[in-house]
K.L.:
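The structure under discussion is supplied below as structure tokens; questions concerning it will follow.
Start at 1 and go down the list; that is how both ligands and their atoms are numbered.
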Amino acid sequence: MRCNDGGPANLGLFSDSDLQQPARIEALGPQSRVLRGFALPWIEALLPQLDAVLAAAPFRHMITPGGFTMSVGLSSCGQLGWTTDSNGYRYSPIDPQSQQPWPAMPEVFRQLAEMAADAADFKGFNPDSCLINCYQPGAKMSLHQDKNERDYSAPIVSLSLGLPAIFLFGGQQRGDKSQRVPLLHGDVVVWGGVDRLRYHGVLPLKDGSHSLLGRQRINLTFRHAG
Ligand code: SIN
Ligand code: FE2
């Protein structure tokens with residue numbers, strides 16, 4: 001599943017630091033929450049499924065409509081995958097690289113996303129899209145809004161794996177001040193409702209090595225897009 005050329009990643013094993021504690025919930029806004037460590041009990045079930053998805057739809061560096069190559073490697077699973085090329089940003093049922101449908105969303109992914117949304121008071125979340133982002137050291141995601149979805153009634157559920165990152169959580173306008181939120185392996189961020197269109201991004205990833213995932217951060221973002 002790696003998007004770099006490092007050594008073996010020991011997938012499926014817990015690291016000593018992955019303490020099995022109940023999630024702590026932090027509010028970023030009226031309807032946005034960080035669920036600290038929420039996914040830790042799921043990691044063992046999740047990583048082999050992630051490997052299988054990435055074997056069928058490997059990470060690739062997509063081009064923005066403005067002609068820039070994204071530093072983050074992308075893949076997707078579920079009925080719809082988010083893509084970008086010179087024609088724009090959109091959701092597609094077909095992986096443009098394989099010309100096949102995206103891999104199905106593993107049931108354990110869907111369940112985790114639904115339970116995380118529930119824990120943040122968004123009942124009945126039913127994602128049809130899981131975008132998988134791979135950050136190598138230096139990779140970043142500029143401030144943006146998630147607004148390629150058909151409607152904004154469903155929340156965004158975002159799971160962090162691997163190296164820590166600083167998540168920027170801004171306001172409704174690009175120029176609004178952003179909160180800097182450190183995200184660790186197993187943390188889940190959920191935002192929706194009045195916070196659904198808040199700007200967000202990720203600062204350039206600091207180099208390091210994670211015991212399970214090596215020299216990278218992988219982010220899974222669940223959405224109801226179609
Ligand atoms: C995204 O906004 O799509 C990714 C956010 C993250 O990597 O935490
Ligand atoms: Fe986003």
K.L.:
Can you report which non-hydrogen protein atom sits closest to atom 8 (O) of ligand 1, along with the distance?
P.N.:
Arg217 NH2, 2.9 Å
K.L.:
Does some side-chain heavy atom of Met70 sit less than 4.5 Å from a side-chain heavy atom of Thr64?
P.N.:
yes
K.L.:
Specify whether Trp191 and Phe167 have parallel, tilted or perpendicular ring planes, treating 30° as the upper limit for parallel and 60° as the lower limit for perpendicular.
P.N.:
tilted
K.L.:
Once rounded to 10°, what is the value of the angle centred on the Fe ion (ligand 2) between His144 NE2 and His200 NE2?
P.N.:
90°
K.L.:
Whether Lys147 and Glu149 form a salt bridge (side-chain N of Lys/Arg under 4.0 Å from carboxylate O of Asp/Glu) is what I want to check.
P.N.:
no
K.L.:
Given Tyr135, Phe169, Phe167, identify the one with the heavy atom nearest to atom 7 (O) of ligand 1.
P.N.:
Tyr135
K.L.:
If I apply the N/O under 3.5 Å rule, does Asn219 come out as touching ligand 1?
P.N.:
yes
K.L.:
Taking the six-membered ring for Trp, are Phe222 and Trp82 closer than 6.0 Å centroid to centroid?
P.N.:
no
K.L.:
So which of the N, O or S atoms of Asp146 lies nearest the Fe ion (ligand 2)?
P.N.:
OD1
K.L.:
Looking at ligand 1, does any of its N/O atoms fall within less than 3.5 Å of an N/O of His200?
P.N.:
yes
K.L.:
Between the side chains of Thr221 and Asn219, is a donor N or O closer than 3.5 angstrom to an acceptor N or O?
P.N.:
yes
K.L.:
Enumerate the atoms of ligand 1 whose separation from the nearest heavy atom of Arg223 is less than 4.0 angstrom.
P.N.:
3 (O)
K.L.:
Quiz question: by atom type and distance under 3.5 Å, do the side chains of Asp146 and His200 form a donor-acceptor pair?
P.N.:
yes
K.L.:
What part of Gln145 sits under 4.0 Å from ligand 1 if we count only heavy atoms: the side chain, the backbone, both or neither?
P.N.:
neither
